[in-house]
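Numbers here are sequence positions counted from 1.
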Amino acid sequence: MKFFVDTAEIDAIAELNDLGMVDGVTTNPSLIKKSGRDIIEVTKEICALVDGPVSAEVTAIDAKTMIAEGRKLLEIADNITVKVPLTWDGLQACKALTDDGHKVNVTLCFSANQALLAAKAGATFISPFIGRLDDINLDGMELIEDIRTIYDNYGFDTEILAASIRSANHVLDCARLGADVITAPPAVIKALVNHPLTDKGLAAFLADIKAADIKIL
Ligand code: G3P
């Protein structure tokens with residue numbers, strides 16, 4: 001499973017990238033706003049930092065302007081993926097851009113039927129939002145499972161990019177269900193390392209190292 005980082009914070013991306021944890025980056029207007037940076041400038045820096053796809057989202061809601069914005073975003077770097085919303089216009093923009101050989105991430109997916117449409121429009125990635133479904137007491141993981149089944153039934157190449165990932169359990173469930181990619185905030189990715197028994201075991205080892213004065217260097 002690939003790990004994308006869901007942030008526009010350069011330092012956080014760099015830290016995870018140095019450890020080989022970054023297969024790509026996703027941004028959205030809210031993350032750009034949070035960064036306080038110009039979208040073109042910050043996206044250019046991210047693209048220079050990581051080798052994998054970097055999703056940059058359009059701001060328009062009509063297909064024609066989305067396509068024009070997508071083409072401008074694509075000028076930033078070779079690893080840009082244009083992100084469009086899952087609307088009829090977004091699907092039109094997706095089809096036009098993927099027909100030209102570009103990568104497109106169709107975002108704000110909340111149903112398997114939406115994911116089916118995105119795949120038929122040639123989407124490179126579909127982004128189902130797990131956490132936001134959980135927020136309204138719906139089952140985000142059921143959506144991942146349904147999309148996996150449908151894409152496998154018909155051999156769609158569109159990759160399932162599970163988004164709105166909020167917890168370690170979301171990551172684990174996505175891995176179990178066969179999501180191709182998860183995109184998560186840096187803190188969620190870093191928290192995957194935590195286990196109380198690791199902390200407890202290390203504390204016991206450290207006590208014995210001290211008691212026996214064990215030295216290597
Ligand atoms: O990038 C889109 C998605 O990951 C946002 O997550 O936590 O704002 O629902 P969240």
Side-chain angles (χ1 to χ4, degrees), residues 1-28 30-37 41-56 77-81 83 105 107 125-135 137 139-145 147-148 159-217:
M1 186 170 67
K2 287 179 267 192
F3 277 11
F4 287 5
V5 193
D6 201 26
T7 186
E9 305 297 332
I10 297 288
D11 291 349
I13 297 167
E15 184 191 0
L16 288 167
N17 196 43
D18 286 348
L19 208 54
M21 297 290 172
V22 180
D23 299 303
V25 173
T26 51
T27 64
N28 63 38
S30 304
L31 295 171
I32 296 293
K33 176 175 174 264
K34 195 173 164 195
S35 77
R37 305 275 315 272
E41 278 176 21
V42 74
T43 306
K44 195 175 211 164
E45 276 183 44
I46 296 169
C47 287
L49 196 59
V50 305
D51 293 331
V54 175
S55 289
D78 289 343
N79 52 340
I80 282 286
T81 291
K83 203 172 182 186
N105 176 357
T107 191
F125 300 104
I126 182 69
S127 288
F129 276 34
I130 307 307
R132 293 191 196 184
L133 283 168
D134 290 355
D135 287 345
N137 294 321
D139 189 347
M141 287 307 152
E142 195 175 286
L143 176 58
I144 297 294
E145 196 170 10
I147 299 173
R148 180 76 282 156
E159 292 191 48
I160 302 173
L161 197 176
S164 190
I165 294 281
R166 310 261 182 83
S167 69
N169 280 347
H170 279 163
V171 177
L172 181 61
D173 288 342
C174 282
R176 282 189 176 128
L177 292 171
D180 300 288
V181 191
I182 55 109
T183 189
V188 171
I189 293 176
K190 289 181 79 174
L192 297 179
V193 79
N194 296 333
H195 198 291
L197 291 180
T198 304
D199 298 339
K200 191 178 170 193
L202 184 58
F205 287 153
L206 288 172
D208 289 341
I209 288 165
K210 195 174 175 194
D213 196 24
I214 301 170
K215 287 194 174 72
I216 297 171
L217 295 175

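No donor-acceptor pair under 3.5 Å is formed between the side chain of Asp6 and the backbone N or O of Pro185. No donor-acceptor pair under 3.5 Å is formed between the side chain of Thr27 and the backbone N or O of Thr7. Checked by atom type and distance alone, the side chain of Ser164 pairs as donor or acceptor with a backbone atom of Arg132 at under 3.5 Å. Side chain of Arg148 to main chain of Gly178: a donor-acceptor pair is present (N/O by atom type, distance under 3.5 Å, no hydrogens or angles). A donor-acceptor pair is defined here as one N or O able to donate and one able to accept, closer than 3.5 Å; such a pair exists between the side chain of Asn79 and the backbone of Val50.
Going from atom CG of Leu206 over to atom NZ of Lys210 covers 10.0 Å, rounded to the nearest 0.5 Å. Of the inter-residue distances, the one linking Asn17 atom CG with Asp11 atom CG reads 12.5 Å to the nearest 0.5 angstrom. Going from atom CE of Met1 over to atom CD1 of Ile160 covers 12.0 Å, rounded to the nearest 0.5 Å. Taken from CZ in Phe4 to CD1 in Ile165, the straight-line distance is 13.0 Å, to the nearest 0.5 Å. One finds the CD atom of Glu41 at 11.0 Å from the CD1 atom of Ile32 (value rounded to the nearest 0.5 Å). To the nearest 0.5 Å, atoms CG (Asp51) and CG (Asp78) are separated by 11.5 Å.
Using a 4.5 Å cut-off on side-chain heavy atoms (C-beta onward), Ile13 and Glu9 make no contact. In this structure, the side chains of His170 and Asp134 come closer than 4.5 Å at one or more pairs of heavy atoms. For the pair Ser35/Leu31, no side-chain contact is recorded, criterion being any heavy-atom separation below 4.5 Å from C-beta on. Using a 4.5 Å cut-off on side-chain heavy atoms (C-beta onward), Asp23 and Val181 make no contact. Residues Met141 and Ile130 meet the side-chain proximity criterion, which asks for heavy atoms closer than 4.5 Å. The shortest distance between side-chain heavy atoms of Ile182 and Phe3 falls below 4.5 Å. Contact check for Ile144 versus Asp173: no side-chain heavy atoms found under the 4.5 Å cut-off. Within the 4.5 Å cutoff, the side chain of Leu192 has no heavy atoms near those of the Met21 side chain.
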(Q) For Thr43 and Arg37: C-alpha separation, side-chain torsions, deciding distance, then whether side-chain contact (heavy atoms from CB on, under 4.5 Å) applies. (A) CA-CA 9 Å; Thr43 306; Arg37 305 275 315 272; over 6 Å; no

Q: Assess whether side-chain contact (heavy atoms from CB on, under 4.5 Å) is satisfied between Ile10 and Ile46, documenting all intermediate values.
A: CA-CA 7 Å; Ile10 297 288; Ile46 296 169; 3.6 Å; yes

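Annotation for Val5 and Ile189: closest pair CG2-CD1, 4.3 Å, computed over non-hydrogen atoms. For the residue pair Lys83 and Asn28, the shortest heavy atom distance occurs at NZ-CB, 4.0 Å. Contact record, Pro128 with Leu143: CB-CD2, 3.7 Å, taken as the closest heavy-atom pair.
In the model, Asn105 has a side-chain atom that pairs as donor or acceptor with a side-chain atom of Ser127 under 3.5 Å.
Residue Asp208 qualifies as enclosed at atom CG: its count of foreign heavy atoms under 6.0 Å is above 12.
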